[in-house]
Student: 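The following block contains the structure, expressed as structure tokens.
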Amino acid sequence: MSDDPFGRRVLVLAPHPDDEVVGCAALICRALARGGRVTVAFLTDGVPEADLLWRRQRPKRNERVDRRFA
């Protein structure tokens with residue numbers, strides 16, 4: 001058994017876009033430095049649902065979502 005805590009593949013589950021940077025940046029860097037493959041799965045797009053936005057923001061909601069994944 002290896003004393004290296006990193007496997008060949010690492011999956012990071014991030015509640016919102018950019019949470020992987022805030023919560024796992026060191027882990028991601030260490031895994032990549034050891035030749036690992038890192039995959040980040042975002043559980044939400046990080047943009048509130050249209051009915052929670054101000055009325056003037058609603059028409060551009062999809063544009064905001066697209067920008068997050070560009």
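We're numbering straight along the sequence, starting at 1.
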Student: Can you measure from CZ (Arg61) to CG (Asp45) and round to the nearest 0.5 angstrom?
Tutor: 5.0 Å

Student: Are Val65 and Val40 co-members of a hydrophobic cluster defined by side-chain heavy atoms under 4.5 Å apart?
Tutor: yes

Student: Not counting sequence neighbours, which residues clear salt bridge (charged side-chain N to carboxylate O under 4.0 Å, His left out) with Asp18? List them please.
Tutor: none

Student: Which side-chain hydrogen bond (donor to acceptor under 3.5 Å, both in side chains) pairs, counting each pair once, include a residue from residues 48-58, with sequence neighbours left out?
Tutor: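 Every candidate side-chain hydrogen bond (donor to acceptor under 3.5 Å, both in side chains) pair involving residues 48-58 fails, so no pair, neighbours aside, qualifies.
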
Student: Side-chain contact, heavy-atom cut-off 4.5 Å: Leu53 with Arg64?
Tutor: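 Leu53 vs Arg64: side chains touch.
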
Student: Would a distance-only check, ignoring hydrogens and angles, find a side-chain to backbone donor-acceptor pair under 3.5 Å from Thr44 to Pro15?
Tutor: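 Yes, Thr44 side chain to Pro15 backbone: donor-acceptor pair under 3.5 Å.
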
Student: Kindly write out the residues that satisfy side chain to side chain contact (heavy atoms under 4.5 Å, CB included) with Leu32, not counting sequence neighbours, or none if the list is empty.
Tutor: Ile28, Val38

